[in-house]
Amino acid sequence: MVDLQECRREIDEIDDKILRLFEKRMQVCEDVAAYKIKTGKKVLDPERERVKIKTLKGKAHGAFNASGVEELFHQLMAISRKRQYQLLTENGIEEELDYEMRDKLPLAQSTVVFQGVEGAYSYAAMRAYFGDEITSYHVNTWREAMEEVQSGKADYAVLPIENSTAGIVADIYDLLTEYSLYIAGEQIIRVEHVLLGLPGASLDQIRTVCSHPQGLAQCSKFLEEHPAWKTIQVENTAGAAKKVHEEGDLTQAAIASREAGRLFGLVPLEENICHNGKNVTRFIIVEKNPVYKKNAGKISIFFELPHESGTLYSMLSHIIYNGLNMTKIESRPIPGKTWEYRFFVDFEGNLKESAVKNALRGLRAEANRMRVLGNYELQGEEES
């Protein structure tokens, strides 16, 4: 019978040799980095790595070992690149970022656009983030809001990007890749939906309920208790309240905020109808200029990858290896490219930090496309 303790002793000896060889390999990689620093040669040489791994796989015994060798040397080469990126930064060779650091953002007296109407949650988010010393106006669609900032008509736009119950607002993610705008901040608003009707209406009279699709989704359990009701989707929750007010139909109700109800003269027919008692929506503030505050602590990026095994892991490893805390990842299909995806990642950090510079250098070098969407402060949760 095989002696387990003897096997473990033998493995320990082998691991010690692997460790010493790994450190020797990394020392040679530092010499390679010194050469690349001197000559300006790129860190990543994909053809060299492809040929190297193919050769090593051919020397392995058996299909299983060949696959293991491929994975092992992919990781060794990735670690080598990360060390080389670090050495580039340590030697003052930094990639230029368009971003400008500022002590504070010029929020007062700015012009802000939001989608929807007064009373919408976007309006509440705008007031919470900017206060009262602004000029604001609304548009019908999120694309129009982006266009207003892109053209310079507005300084900032307020856009919903995620709800804790209904998930991401996919269209916003797509628009962020289409427009050259930047996230300057975020605002979290507590969503407290109520069922609103005309004065004199009662719950048993209701036949139709209108709201934004996410408003309907966030109150789906309540709506399931009334299967005879017809639901109508509108562009925003405040617009639903406005619709009920303007049409004057006692059988029609809206799912919206109390503020929207007060604004359009409606009364609550049912409260606490959202099935998630801690339902919140995160809004982003976008602007045309790539600026960030010196105390910003959150970075948003997106990147596109080659459609190859292990590429997502390799990309995320730049964040992990540099000790950065990733807080979110989302994916969206790339239009016109079947089964290829664009990834959106949030992680903690500031653009002036060496660890962030190293991670971004690696991400940019190894992605098909990568862009920093913003470096900004996390805003506290507000009730609306």
Side-chain angles (χ1 to χ4, degrees), residues 1-95 303 305-306 308-326 329 343 345 347-349 352-367 370:
M1 180 181 292
V2 175
D3 187 300
L4 178 60
Q5 295 304 318
E6 176 61 23
C7 290
R8 287 176 172 173
R9 184 194 63 76
E10 205 173 336
I11 286 174
D12 288 344
E13 290 180 0
I14 294 170
D15 287 346
D16 284 341
K17 294 176 183 177
I18 291 174
L19 174 61
R20 288 193 293 271
L21 288 171
F22 169 75
E23 291 183 333
K24 184 176 181 180
R25 190 183 196 281
M26 291 305 297
Q27 182 58 57
V28 175
C29 288
E30 293 194 7
D31 295 337
V32 171
Y35 173 84
K36 291 180 178 179
I37 289 170
K38 185 176 180 180
T39 62
K41 185 177 175 62
K42 289 184 178 180
V43 169
L44 177 61
D45 187 343
E47 182 59 21
R48 155 73 177 167
E49 293 190 5
R50 187 190 67 80
V51 172
K52 175 74 173 178
I53 289 175
K54 182 180 179 181
T55 300
L56 290 168
K57 284 180 67 179
K59 295 179 180 180
H61 297 86
F64 183 87
N65 284 350
S67 295
V69 164
E70 181 176 18
E71 182 174 346
L72 172 63
F73 279 89
H74 265 308
Q75 293 303 316
L76 283 173
M77 291 174 181
I79 293 169
S80 170
R81 292 196 303 273
K82 292 179 180 70
R83 180 55 181 152
Q84 291 180 56
Y85 294 136
Q86 287 182 344
L87 290 169
L88 287 171
T89 302
E90 288 173 11
N91 283 271
I93 302 173
E94 298 183 1
E95 294 183 331
F303 54 80
L305 299 177
E308 300 170 4
S309 176
T311 52
L312 178 58
Y313 173 81
S314 295
M315 293 295 284
L316 296 181
S317 69
H318 289 288
I319 296 171
I320 299 166
Y321 193 83
N322 284 286
L324 302 171
N325 181 35
M326 186 176 73
I329 181 170
F343 294 88
V345 172
F347 60 92
E348 295 175 358
K352 67 177 182 290
E353 297 169 356
S354 295
V356 171
K357 293 176 182 178
N358 293 335
L360 293 179
R361 186 195 293 272
L363 288 162
R364 184 174 288 105
E366 298 175 23
M370 193 280 279

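Side chains are part of it too, since the values below use all heavy atoms of this structure and drop only hydrogens, waters and symmetry mates. Everything numeric here is computed off the predicted structure, so don't read it as measured data.
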What distance separates Lys54 NZ from Leu56 CG, expressed to the nearest 0.5 Å?
12.5 Å
Once rounded to the nearest 0.5 Å, what's the spacing between atom CG of Leu44 and atom CE of Met77?
11.0 Å
List for me each residue that meets side chain to side chain donor-acceptor pair (under 3.5 Å) alongside Lys352, sequence neighbours excluded, and say none if there are none.
Asn350
Going by the rule side chain to side chain donor-acceptor pair (under 3.5 Å), which residues pair with Ser317 if we only count those two or more places apart in sequence or in a different chain?
Lys82
Results of side-chain contact (heavy atoms from CB on, under 4.5 Å) for Lys41 - residues two or more places apart only:
Tyr35, Lys36, Thr39, Asp45
Is the shortest heavy-atom distance from the side chain of Val43 to the side chain of Arg361 under 4.5 Å?
no
Which pairs pass salt bridge (Lys or Arg N to Asp or Glu O under 4.0 Å) with one or both residues in residues 315-326, sequence neighbours excluded?
none
Spacing of CG belonging to Leu87 relative to CG belonging to Asn358, to within rounding of 0.5 Å:
9.0 Å
Those residues that, when tested against Arg50, pass salt bridge (Lys or Arg N to Asp or Glu O under 4.0 Å) (two or more places apart):
Glu47
Asn322 side chain near Val356 side chain, heavy-atom distance below 4.5 Å
no
Selection residues 63-86 - residue pairs positive for ring-ring contact (aromatic ring centres under 6.0 Å, His included), sequence neighbours left out
Tyr85-His318
Set of salt bridge (Lys or Arg N to Asp or Glu O under 4.0 Å) partners for Lys57, sequence neighbours left out
Glu70
Output yes when a side-chain donor or acceptor of Thr89 lies under 3.5 Å from a complementary backbone atom of Ser354, and no otherwise.
no
Sorted by chain and number, sequence neighbours left out, side chain to side chain donor-acceptor pair (under 3.5 Å) with Asn325 holds for Glu348
With the side chain counted from C-beta on, respond yes when Leu316 and Phe303 share a heavy-atom pair under 4.5 Å apart, and no when they do not.
yes
Ser80: which residues meet the side chain to side chain donor-acceptor pair (under 3.5 Å) condition with it, sequence neighbours left out?
Gln84
For residues 17-31, which side-chain N or O atoms pair as donor and acceptor with protein atoms under 3.5 Å away, sequence neighbours left out?
residue, atom, partner, partner atom, Å
Glu30, OE2, Arg83, NE, 3.1
Glu30, OE2, Arg83, NH2, 3.4

Could you give the distance from CD1 (Ile53) to CD (Glu71), rounded to the nearest 0.5 Å?
11.0 Å
Kindly write out the residues that satisfy salt bridge (Lys or Arg N to Asp or Glu O under 4.0 Å) with Arg81, not counting sequence neighbours, or none if the list is empty.
Glu49, Glu366
Could you go through the side-chain contact (heavy atoms from CB on, under 4.5 Å) check for Val345 and Leu363 one step at a time?
CA-CA 11 Å; Val345 172; Leu363 288 162; over 6 Å; no
For the CD1 atom of Ile79 and the CD atom of Gln75, what is their distance to the nearest 0.5 Å?
6.5 Å
Got a second to check how far Ile319's CD1 is from Leu360's CG, nearest 0.5 Å?
8.5 Å
Run the numbers on Leu312 and Ile329 for side-chain contact (heavy atoms from CB on, under 4.5 Å), then give the verdict.
CA-CA 11 Å; Leu312 178 58; Ile329 181 170; 4.3 Å; yes
Under the side-chain contact (heavy atoms from CB on, under 4.5 Å) test, which residues partner Glu6, sequence neighbours left out?
Asp3, Arg9
